[in-house]
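First comes the structure, then the notes that go with it.
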Amino acid sequence: MSRMTIGHDDIPFFDEEPEHAAPRRPAPAPGMGGGIAARAMAARDNSRRPDYLAGLNPEQAEAVETLDGPVLVLAGAGTGKTRVLTTRIAHILSTNRAFPSQILAVTFTNKAAREMKERIALLVGGAVEGMPWLGTFHSIGVKLLRRHSELVGLSSSFTILDTDDVVRLIKQLIQAEGLDDKRWPAKQFAGMIDTWKNKGLGPADIPEGDSRAFANGKGRELYAAYQNRLKTLNACDFGDLLLHPINMFRQNPDILKDYHQRFRYILVDEYQDTNTAQYMWLRLLAQRPKGELQNVCCVGDDDQSIYGWRGAEVDNILRFEKDFPGAKVIKLERNYRSTEHILGAAAHLIAHNEGRLGKTLFTDRSDPNDIKVQVHASWDSEEEARAIGEEIEQLQRSDSSGVRHNLNDMAILVRASFQMREFEDRFVTLGLNYRVVGGPRFYERLEIRDAMAYFRLVCQPADDLAFERIINTPKRGLGDTTVRALHDYARVRDIPMLAAAADIIETDEMKPKPRKALFDVVQSFRRWQGLLENTPHTELAEQILEESGYTDMWKNDKSAEAPGRLENLKELIRSMDSFESMRGFLEHVALVMDAEQNEDLDAVSIMTLHSAKGLEFDTVFLPGWEEGLFPHQRSLDESGRAGLEEERRLAYVGLTRAKRRCHIWFVSNRRIHGLWQSTIPSRFLDELPETHVEVAEMEQSYGGYGRGGYGQSRFDKADPFANSYSTPGWKRAQANKTDATRDNWGSRSGHAVERIGYGESGPKTRTIDGELVAKSTSTEPSRFSIGDRVFHIKFGNGNVSEIEGNKLTIDFDRAGQKRVLDGFVERV
DNA sequence: GTAATAAATTTTTTT
DNA sequence: AATTTATTAC
């Protein structure tokens, strides 16, 4: 039992109180400072509402105070959802209805969990170390599994595999089955397994069709083999962290009953994003025998459901009242975040979706100085980055009313992570601070993963994946042949590879060289394992990296990134400091893939729309609103109308992140797979209301002229808002999809036609031309001939190798072979 | 077994 | 365009 003293308050927190004890009411007496106890007394006294309840609006207060029975809170963007959740927990604690450890609170991201802990701590006035069951589905799943691992056939030291490990493992299995790993990509099968697990399906439960669709109909066998392999490796993948607890609860009703008694209150954040497995998990824990109260509170917003591709079922939120009869449904519609214009734009956009529960956000704020949502156009993605950079610098100096803005209050939210790069490049040259949130992650770096593999293998000798990763890193002369031999040896005897290595060096199956190398490795690991219990883990970690020759490997590496990698390794050791043991650290890394950000730095945030959910910024930039990118073509192809609606919700999430200023951008040319493609404005732009949106001065370089055949969007016209809104531009866009969008994004059909070049009136008026223009002028004899030396503004010099009407095939010196319209090149 | 070179593949979103 | 993977030469 731990006792925590923070500041002046002396609050007892119970880590593990006697199993199902109910907190005594009235409050436990010790140290009646100004802490929980005192507040609880105040709470009991009806004449004075505790101060944490003050300032809530009536709906919020109802959501906080309705503690008995099921509650569904439909909370629109910016309506104080997190505040309700945290205050509700504080309320439960203050009124002594439960100990911290008797509250199960599930969030979607680790970030959200962290934030919630902080905010509860603020409300309750102490650290919340005593809330052991606040976390993501996955981290709570791990906690359950560590306690009961033997029930699902694992030992409590099991490892959690990341996607990379999983793919490598599956690849091995596919090869072991004698299948062609090219025809049956491991990555694809990993995706299928993930989908199945998200639906709560084990190998026996998957549909026959799914099974037939992979590996010559051996999908089911392969899935079963995979699960078997995980068991021998004593490992779990992400899906197992949900599936195993479900199976465990189903097979052991007594244990489930135990947790029923433990968890007096259950809270779930982002309920619209729960998938079937999470839903099953939750229902097992939340649905109680008849007569017992089901104190479950789910908070969500159907308009912000953006994880359908990960198996999320919006239906879960619609089904809540059926699952929990007598549930109270509370809508939060008062928005505290954004201006009227931003809310108006977002509302009008999301209204294009069908099948919504229908909330209308409103605000009292009405400031004539509020600016409308701005739509900007740029020629290409480089210019887009430049323009946004300028806008940011402008705001940094001072906005229209002379106010200076912090970079911390600005964010760029992109649809796909490849968009980030151009901004990074630009900001580096500008010397503008930026921060990539959720981008390439610290723990995914090569050197970090290598180091982690060493640590994993020391902590868990059965971790064959870790073994294979580092056995020849640094180079020890233990290549494919040796590893394969070890692999076979281990398989035959059903032992881990490290143990196999220990065995095999006693025999003379190996040639002397690899045998000696293997001997050294085995010796080292034996030594490190011996040190595990009695050496401080940071010291041991350093020792491992030193003695294994891993740090030397990078010290001897002359490449440019080597010093950075060494720095990262030092950072890794430093970050281990705050953990109790090496095992604890490994677990943290497996679940929390992001390293802490430097909060002190004033920097613009760059992130995907998905990772922006739940955040807010004064100024938000939304680049890349073009058909094919946003909405993403793949989403449209794979999920049709549902996909489009999810993309629209994503746009809604983007808009509603903004408090005061929102800038949307689209470009007419974007580079995809290294090829320049001309693009058309997103249909979502046409779904924004005129009253709240304003088109920023069209940059001259945006080719609005001479675009024969491409009148899809009102943003092609001089006055984009001139025509009626009843004819959404996207219908025309769809009609034209075969001409334009397909070719640009579908990637299956042939070549791309280059559409960049000079217009007649000089360098400033570049124009875009399309296929139609190309065809109409193709009858004229070309002014070029094969072998001509030509210059192109984007690709530089090259030789004409083929002529087809006015389309030239040119072998560029630097850019390779491209097809280009003859208007865009000139003879040198 | 290793290092250099050529070819293929990629980019939607994440616990 | 850039990164991962396969092939080839040493």
Side-chain angles (χ1 to χ4, degrees), chain A residues 106-113 135-142 160-164 166-167 171 181-182 185-187 191 194 197-198 236-242 270 273-275 277-278 305-312 381 413-422 425 437-441 443-444 446 472 474-484 511 513-514 517 589-594 607-613 624 628-639 643 646-647 649-651 653-654 670-677 745 747 794-795 814-816 818:
Chain A
V106 197
T107 62
F108 229 71
T109 61
N110 294 297
K111 209 198 309 176
T136 61
F137 277 102
H138 298 267
S139 60
I140 291 170
V142 177
I160 303 159
L161 303 183
D162 64 23
T163 340
D164 220 61
V166 169
V167 171
K171 194 166 187 176
D181 62 313
K182 287 245 187 77
K187 231 178 170 177
D194 198 51
K197 289 190 173 174
N198 282 337
C236 275
D237 63 14
F238 270 111
D240 285 340
L241 299 181
L242 300 173
E270 308 281 14
D273 286 331
T274 47
N275 60 37
Q278 289 163 333
S305 157
I306 53 175
Y307 285 98
W309 53 274
R310 215 172 80 188
S381 42
L413 311 181
V414 298
R415 176 63 185 83
S417 40
F418 76 86
Q419 291 173 262
M420 293 181 181
R421 241 185 101 157
E422 233 139 355
D425 288 351
V437 179
R441 301 169 197 199
Y443 294 117
E444 273 168 16
L446 177 83
N472 202 27
K475 300 273 183 290
R476 300 186 175 92
L478 297 166
D480 280 352
T481 13
T482 318
V483 172
R484 197 158 306 142
K511 290 194 181 118
K513 248 192 186 169
V589 173
L591 291 171
V592 187
M593 290 296 284
D594 54 334
M607 67 185 100
T608 63
L609 285 162
H610 282 88
S611 45
K613 195 165 73 158
L629 177 60
F630 194 32
H632 201 283
Q633 190 60 48
R634 213 158 134 178
S635 187
L636 263 34
D637 286 348
E638 280 167 16
S639 318
E646 182 154 314
E647 295 285 308
R649 290 193 292 268
L650 206 45
V653 168
R670 194 171 285 280
R671 193 166 38 195
I672 289 109
H673 306 312
L675 283 175
W676 285 95
Q677 310 271 199
W745 294 85
S747 78
K794 207 101 209 173
F795 302 129
R814 278 181 300 129
K818 296 270 191 289

Expressed in angstrom and rounded to an integer, what is the separation of [X] atom [atom1] from [N] atom [atom2]?
X: A:Leu161; N: B:dT15; atom1: CG; atom2: C1'; answer: 14 Å
X: A:Glu270; N: B:dT15; atom1: CD; atom2: P; answer: 12 Å
X: A:Phe137; N: B:dT14; atom1: CZ; atom2: C1'; answer: 15 Å
X: A:Arg671; N: B:dT10; atom1: CZ; atom2: C1'; answer: 15 Å
X: A:Gln677; N: B:dT11; atom1: CD; atom2: P; answer: 17 Å
X: A:Gln633; N: B:dT10; atom1: CD; atom2: P; answer: 17 Å
X: A:Leu675; N: B:dT11; atom1: CG; atom2: P; answer: 16 Å
X: A:Leu629; N: B:dT13; atom1: CG; atom2: P; answer: 10 Å

Comparing nearest nucleotides in DNA chain B, the 5'-proximal residue of the pair A:Glu647, A:Thr109 is A:Glu647
On DNA chain B, nearest-nucleotide positions of A:Lys187 versus A:Gln278: which is more 5'?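 Residue closer to the 5' terminus by nearest nucleotide: A:Lys187.
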Tell me what [X] touches on the nucleic acid: a base, only sugar-phosphate, or nothing, going by heavy atoms under 4.0 Å.
X: A:Phe108; value: sugar-phosphate
X: A:Arg421; value: sugar-phosphate
X: A:Glu638; value: base
X: A:Ser139; value: nothing

Is the phosphate of B:dT14 approached by A:Asn110 (side-chain N or O, under 4.0 Å from OP1 or OP2)? no
Side-chain N or O of A:Ser417 closer than 4.0 Å to phosphate OP1/OP2 of B:dT13: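 True: A:Ser417 side-chain N/O within range (under 4.0 Å) of B:dT13 OP1/OP2.
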Listed nucleotide nearest any side-chain atom of [X], set [options]:
X: A:Lys475; options: B:dG1, B:dT11, B:dT2; value: B:dT2
X: A:Thr608; options: B:dT15, B:dG1, B:dT13; value: B:dT13
X: A:His673; options: B:dT11, B:dT15, B:dG1; value: B:dT11
X: A:Trp309; options: B:dT11, B:dT14, B:dA3; value: B:dT14

Suppose we screen for side chain to side chain donor-acceptor pair (under 3.5 Å). Which residues come up paired with A:Ser381, at least two apart in sequence or across chains?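 Result, side chain to side chain donor-acceptor pair (under 3.5 Å) vs A:Ser381: A:Glu422.
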With sequence neighbours excluded, what pairs up with A:Glu647 under the side chain to side chain donor-acceptor pair (under 3.5 Å) test?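 So A:Glu647 forms a side chain to side chain donor-acceptor pair (under 3.5 Å) with A:Arg415, A:Ser635.
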Can you find a pair of side-chain heavy atoms, one from A:Asp194 and one from A:Val166, that are under 4.5 Å apart? no
So do the side chains of A:Asn275 and A:Tyr307 get within less than 4.5 Å of each other, counting heavy atoms only?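 Not touching, per the 4.5 Å side-chain cut-off.
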Taking side-chain contact (heavy atoms from CB on, under 4.5 Å) as the definition, give me every residue that meets it alongside [X], ordered by chain and number, with sequence neighbours left out.
X: A:Asn472; result: A:Lys475, A:Arg476, A:Leu478
X: A:Glu270; result: A:Lys81, A:Phe108, A:Gln272, A:Asp273, A:Lys613
X: A:Thr608; result: A:Val414, A:Ser417, A:Met420, A:His610, A:Ser611

pi-stack flag for A:Tyr307 and B:dT14, centroid dist under 5.5 Å, interplanar under 30°: no
When rounded to the nearest Å, what value does the distance between C1' atoms of B:dT11 and C:dA6 take? 22 Å
If you look at every heavy atom in A:Gly135 and A:Ala113, which pair is closest and at what distance?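 Closest pair (atom of A:Gly135, atom of A:Ala113, distance): CA-CB, 4.0 Å.
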Between protein and nucleic acid, restricted to nucleotides 8-10 of chain C and to nitrogen or oxygen atoms under 3.5 Å apart, what atom pairs and distances do you find?
none

